[in-house]
Amino acid sequence: GATYVASDCHKRDAANANRDGNVVNIRNAGFRVDGLGRCLHTPPDSTPEKIGLPKTPDTRYNLVLKREAISNYMFNLAFENSIEDGYVTEKPFDAMLSGTVPVFLGYAKTLRKTMPHPKAVIFLEDFEGNAEKLAKYLAYLSTNETAYEEHRDWRKIYSLEKHVKGNRMMEPNWMCKICQWALENQ
């Protein structure tokens, strides 16, 4: 199945990314999505694996715990709060670092430019924003190991040096260089 980790819940309307509504639609299409955050939360005792995230203030933003929990699933619904030009958070990268395949809802144009491989992320927009079509594809991947692994093959060929070189989205900008200089010259 998939995980969904969100703590800032939104009404299910078009004023934002409609992320909770899309999760509900994926669930209604028959694909298992466990909510590990406050939004659309799935109690750990109601899942076979009993996987959950602690609900204490000091662990709410602990990315190590988040990555550890989502690594137990095939997919992570990396759905942004809103869809805005250039807005991409840590969500798809956390999924990739945990070894699961991110399913992204957000400003895809920016994220595509930073990906190590075209299939590293599954984009909801590639399914015309139709959560039911996406759910069918995720169900297909969960029963076809070869097709699923195509979304993880980038890990075998990825080179950070080659990926960053010549990719302006990945190179440090002047503000980052100033911060680096300040750290080195304290």
Side-chain angles (χ1 to χ4, degrees), residues 1-112 114-115 120-142 148 151-152:
T3 55
Y4 174 63
V5 183
S7 295
D8 296 320
C9 307
H10 299 283
K11 291 181 182 179
R12 295 180 187 105
D13 60 27
N16 55 57
N18 194 24
R19 63 185 188 169
D20 290 356
N22 278 296
V23 173
V24 169
N25 290 338
I26 293 167
R27 284 176 171 175
N28 288 342
F31 195 79
R32 177 179 164 187
V33 179
D34 291 346
L36 303 184
R38 289 190 324 207
C39 309
L40 304 176
H41 181 71
T42 306
D45 290 341
S46 69
T47 67
E49 298 85 0
K50 311 254 185 279
I51 296 168
L53 290 172
K55 300 294 177 227
T56 59
D58 58 328
T59 60
R60 181 173 175 200
Y61 297 107
N62 187 322
L63 295 180
V64 173
L65 291 175
K66 175 186 171 186
R67 290 177 190 146
E68 189 175 293
I70 68 177
S71 72
N72 293 287
Y73 293 80
M74 294 180 77
F75 307 98
N76 173 254
L77 303 183
F79 289 3
E80 300 291 6
N81 291 319
S82 63
I83 301 173
E84 299 176 42
D85 188 1
Y87 180 73
V88 175
T89 66
E90 81 290 346
K91 292 172 180 70
F93 303 102
D94 283 342
M96 293 171 72
L97 288 170
S98 73
T100 189
V101 176
V103 179
F104 187 72
L105 169 63
Y107 193 75
K109 183 177 180 181
T110 298
L111 185 60
R112 287 182 200 274
T114 62
M115 288 298 98
V121 174
I122 297 169
F123 294 91
L124 180 58
E125 79 171 21
D126 292 345
F127 297 86
E128 293 91 35
N130 185 312
E132 291 81 11
K133 286 182 183 179
L134 171 65
K136 285 181 182 178
Y137 183 65
L138 298 179
Y140 162 73
L141 291 177
S142 67
Y148 175 75
H151 291 282
R152 294 170 21 113

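For reference, positions follow the sequence shown, starting with 1.
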Query raised in the report: Can a donor-acceptor pair be found between the side chains of Thr3 and Asn76 at a distance below 3.5 Å?
Result: yes
Report task. Find out whether Val88 and Thr114 are in side-chain contact, i.e. whether some heavy atom of one side chain is under 4.5 Å from a heavy atom of the other. Result -> no
Query raised in the report: From Leu63 CG over to Phe93 CZ, what is the distance, rounded to the nearest 0.5 angstrom?
Result: 13.0 Å
Query raised in the report: Under the salt bridge (charged side-chain N to carboxylate O under 4.0 Å, His left out) test, which residues partner Lys133, sequence neighbours left out?
Result: Glu128
Query raised in the report: Which residues pass the salt bridge (charged side-chain N to carboxylate O under 4.0 Å, His left out) test with Glu125, sequence neighbours left out?
Result: Arg112
Query raised in the report: Does a side-chain heavy-atom distance below 4.5 Å link Phe79 with Asn18?
Result: no
Query - Salt-bridge present (Lys91, Glu80; N to O < 4.0 Å) - result: yes
Report summary line: With sequence neighbours left out, the residues meeting side-chain hydrogen bond (donor to acceptor under 3.5 Å, both in side chains) with Tyr140 are Asn144
Query raised in the report: Partners of Glu84 by side chain to side chain contact (heavy atoms under 4.5 Å, CB included), sequence neighbours excluded?
Result: Ser82, Tyr87
Requested in this report: For the residue pair Asp20 and Cys9, establish whether any side-chain heavy-atom pair is separated by less than 4.5 Å.
Outcome: yes
**Report entry** Ser142 versus Phe31, closest heavy-atom pair with distance
**Finding:** OG-CE1, 4.3 Å
Report task. Applying side chain to side chain contact (heavy atoms under 4.5 Å, CB included), name anything that partners Met96, two or more places apart in sequence or on another chain. Result -> Pro102, Met115, Pro116, Ala120, Val121, Trp154
Query - Inter- and intrachain pairs under salt bridge (Lys or Arg N to Asp or Glu O under 4.0 Å), touching residues 21-31, at least two apart - result: none
Query raised in the report: Which is it for Leu40 and Val24 under the side chain to side chain contact (heavy atoms under 4.5 Å, CB included) test, yes or no, and what are the steps along the way?
Result: CA-CA 8 Å; Leu40 304 176; Val24 169; 4.1 Å; yes
Report summary line: Between Glu132 and Asn25 the two heavy atoms that sit nearest each other are OE2-CB, 3.7 Å
Query raised in the report: Can you name the residues that form a side-chain hydrogen bond (donor to acceptor under 3.5 Å, both in side chains) with Asn22, not counting sequence neighbours?
Result: none
Report summary line: Sorted by chain and number, sequence neighbours left out, side chain to side chain contact (heavy atoms under 4.5 Å, CB included) with His151 holds for Val101, Lys119, Ile122, Tyr137, Leu141
Query raised in the report: Partners of Arg67 by salt bridge (charged side-chain N to carboxylate O under 4.0 Å, His left out), sequence neighbours excluded?
Result: Asp94
Requested in this report: Can you run down the side-chain hydrogen bond (donor to acceptor under 3.5 Å, both in side chains) pairs that involve residues 97-107, sequence neighbours left out, and say none if there aren't any?
Outcome: Asp85-Tyr107
Query raised in the report: Taking the side chain from Asn72 and the backbone from Ala69, do they hold a donor-acceptor pair closer than 3.5 Å?
Result: yes
Query - Set of side-chain hydrogen bond (donor to acceptor under 3.5 Å, both in side chains) partners for Glu49, sequence neighbours left out - result: Arg32
Query raised in the report: Any side-chain heavy-atom pair from Leu134 and Ile26 closer than 4.5 angstrom?
Result: yes
Query raised in the report: Would you find a donor on one side and an acceptor on the other, under 3.5 Å apart, between the side chain of Thr42 and the backbone of Gly35?
Result: yes
Requested in this report: Could you check if a side-chain atom of Pro44 sits within less than 4.5 angstrom of a side-chain atom of Ile51, using non-hydrogen atoms only?
Outcome: no
Query raised in the report: Is there a side-chain contact between Phe123 and Leu111 (heavy atoms, below 4.5 Å)?
Result: yes
Query - Residues Phe75, Tyr4; criterion ring pair (Phe, Tyr, Trp, His ring centres under 6.0 Å); working and verdict - result: CA-CA 9 Å; Phe75 307 98; Tyr4 174 63; over 10 Å; no
Report summary line: Closest heavy-atom pair, Leu36 versus Gly52, reported as atoms and distance to 0.1 Å, is CD2-CA, 4.3 Å
**Report entry** Counterpart residues, salt bridge (charged side-chain N to carboxylate O under 4.0 Å, His left out), relative to Glu90 (two or more places apart)
**Finding:** Lys66
